[in-house]
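Here's the structure, in C-alpha cells; my notes come after.
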Number of protein chains: 2
Amino acid sequence: MGMTRVTRRRSRHEEEENETGRRDMRKQRTRRALLDAALELMQGEQSFNSISLREVARNAGVVPTAFYRHFRDMDELGLTLVEEALRALRQMMREARSAPLPANSLINRSVQTYIGYVQANRDYFQFLAKERFGGSRALRTAVRQGTALFISELATDLARFPTANRLSTEELQMISSLIVNIMISTTEQLLDLPPDNDAEVDWLHDQSAQQMRLVFLGSLQWKPKSEREKKKALAQG
Amino acid sequence: MGMTRVTRRRSRHEEEENETGRRDMRKQRTRRALLDAALELMQGEQSFNSISLREVARNAGVVPTAFYRHFRDMDELGLTLVEEALRALRQMMREARSAPLPANSLINRSVQTYIGYVQANRDYFQFLAKERFGGSRALRTAVRQGTALFISELATDLARFPTANRLSTEELQMISSLIVNIMISTTEQLLDLPPDNDAEVDWLHDQSAQQMRLVFLGSLQWKPKSEREKKKALAQG
DNA sequence: ATTATTTGTGAACAGTCGTTGACTTTATGT
DNA sequence: ACATAAAGTCAACGACTGTTCACAAATAAT
C-alpha cells in the first residue's frame, strides 16, 4: 500500500533529544530553496508559467532532476506558493483583528498596517498579483478562493460594528468585496513602485484611505433592501 | 537612411480607382491573422509571454520567418494588441457618452452596456486582464496609461453633474478610480465565467451596480477638503 | 555491521524555441 | 517589357526545455 511509512523516531531510549532528523532537515532546506528560487525569479519580468523547471533548480543550486524529489511538477510548486502566501495574509488579518480598536482613525491605521505588510512581503504579493489572472486554472482558482474567504472574514468583522445591524449578509458581503477591491488595487499600484519611494507610497495611503472613508459614508446612507420593501408595501397598503 | 519609402501610388493617371493595392491587402490580411492568432492562443491557460513566436505563426497559417515581415518581435505585436484594445474601449466610452442620460437608472444602463461590451470583446479583455500584471514592463505601463486616461475621462464626465461642483479635481479623480476599480473587478469576474452563464452574469450586474450606487451615496455625503478646512479655521478663529 | 531508503548527480533523449541567410514568387514603378 | 522591391518559404544553427534512467552518497532501520 502506498501509504507514508510510520517512522518511529528515537526508538530505544528517549535520550538523544536534539536529533532532529538530519535527513528531513536537509530535505526541507532544499525544498525551501526551490520555493524561494521560484519567488525570486518572478520578481522581474517573468510570470510563473514563463519560468522553467530547470531555471528554478539552477537558481536553487541543485540539479534539475532533484526537483522531482520535492514536487511532481511546477504546478504543485505553484500551489504551495499560493497556500503559503494566503496563509501569511490570513495570519496578518488575525493579528490586526486582535488589536484594540482606536475607532476613530481605524481606517488610517489599517491601511498603514496593510501597506507595511505588503512591502515586507513583496515577493509573495508579486506572485499573487501575477497569478490572479495569468496562471493556470488551478492556481487562479486557488487565489480566488483565498480572496473570497478574505472577503467573508472581513464581512463578519464589519458585522460587529453597531451601524451594521441594519444591513443584510449579502449587503455586507457586497461592501466587503468593495473594500477588498480597494486593497487589491492599492497592492498592485504599490508593487509597481520602487520599494523606497516614500512620497508615492504616502499618496497611495491617502488615496485608499479616502476611498474607504467614502465607502463607509456610503454604507451609512445605504437604504437596505428590507427597508425599501417595507416602504413599498406601505405605499401599496 | 532607413526611412519608410514614400510610395507614390496610382501615379500616371488618376484612373484605376478600385486598385486597392493587392500587395498591401495581402499584407494587412496576414498581419491581422497574426494578431488574431495571438489573441486566440491566449484564450486558454496561456499568457502572452508564455506563447511563442512559432506558435503564433503556426496558428496564423504562416511560416515562422514570415512573422518578421510584420513585427520586430513579440513585444511589438503585444503593444499593438494593447493599443487596439484600448482604442476600442475608448470608442465605446465615447458612444456611451453621446447617448442621452436617463438620469435615474443611469447606473444600471451603464453597467449593462459595459458588461455587454466586455462579453462581445472577450478576447481583448482577456488579454488586457492578463497583461495588466503579468507582462513585460512595456506592456504593463501601456495598459496602465490606458486605464489612467480612462479614469481621467470618467472624472471629467462626472464633473458635469451638478452635485460635483463641491468636489475638487483630486477628489473627483479619487472617486473615478474607485469606480474604475469596480469595473475592472467586474470584468475579471466576468471573464472567469462561461460566457453564457446568464444567472451569474446577472448577479455580477447587480453586485457592481449596487457598489456604484454606494459610491454615489458616499460622494454625496463627502465633506470636501475645502469645507473641512473652513470649519477648522472657524473653530480656531 | 549490514541492509534499505532516501536525496541528489550525471548523461542522454526528443522537442521546441528564436533567429540567420539564401531562395522563390508576385505585385509594383518606370 | 523589365528591373525592383516586398511577402512568404525552406533549411539550418545553437540553445534551452521537461523527463527518463542508472548510479553515487548519505542517512535510517534492523
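Throughout, a chain's letter reflects where its sequence line sits, starting with A, and its residues are numbered from 1. Quantities reported herein were computed from a predicted structural model and do not represent experimental measurements. Values below: every heavy atom of this structure, side chains too, minus hydrogens, waters and symmetry copies.
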- Select base, sugar-phosphate, or nothing to describe what A:T65 touches, counting heavy atoms under 4.0 Å on all strands. base
- Shortest side-chain distance from A:P64, nucleotide among D:dT19, D:dT17, D:dG8: D:dT19
- Can we say B:E84 and B:R32 salt-bridge, meaning some charged N sits less than 4.0 Å from an Asp/Glu carboxylate O? yes
- How close or far is atom P of C:dG8 from atom CG of A:D24, stated in whole angstroms? 11 Å
- Message: Classify B:R58 by what it touches in the nucleic acid, base, sugar-phosphate, or nothing, heavy-atom distance under 4.0 Å.
- Response: sugar-phosphate
- Rounded to the nearest angstrom, tell me the gap between atom NZ in A:K27 and atom C1' in C:dT5. 11 Å
- Is the closest side-chain donor-acceptor distance between A:Q211 and B:S177 under 3.5 Å? yes
- Interatomic distance, B:L53 CG vs D:dG8 P [rounded to whole Å]: 14 Å
- Which of C:dC17, D:dG18, C:dT9 is nearest the side chain of A:A66? It is C:dT9
- Query: Considering only side-chain heavy atoms of A:V63, which listed nucleotide, C:dT9, C:dT19, C:dT7, is closest?
  - Reply: C:dT9
- Task: Please report, rounded to the nearest Å, how far the C1' atom of C:dA27 is from the CZ atom of B:R26.
- Result: 11 Å
- Query: Which atom pair, heavy atoms only, marks the closest approach of B:Y114 to B:T187?
  - Reply: OH-OG1, 2.7 Å
- Message: Tell me whether the side-chain N or O atoms of A:R54 pair up with the base of D:dG18 as donor and acceptor below 3.5 Å, since no angle test is needed here.
- Response: yes
- Write down the distance between CG (A:D75) and P (D:dT19), rounded to a whole number of angstrom. 10 Å
- Taking all non-hydrogen atoms of both residues into account, name the closest pair between A:Q210 and B:M174 and its distance. OE1-CE, 3.5 Å
- In whole angstroms, how far is the P atom of C:dT7 from the CZ atom of A:F67? 15 Å
- Task: Could you tell me the separation between the CD atom of A:Q28 and the P atom of C:dT7, rounded to a whole number of Å?
- Result: 9 Å
- Do A:R23 side-chain and C:dT5 base share a donor-acceptor contact under 3.5 Å? yes
- Task: Consider only side-chain N and O atoms of A:Q189 and A:S185, and report whether a donor and an acceptor are under 3.5 Å apart.
- Result: yes
- Message: Expressed as a whole number of angstroms, how long is the span from A:R69:CZ to D:dA22:P?
- Response: 13 Å
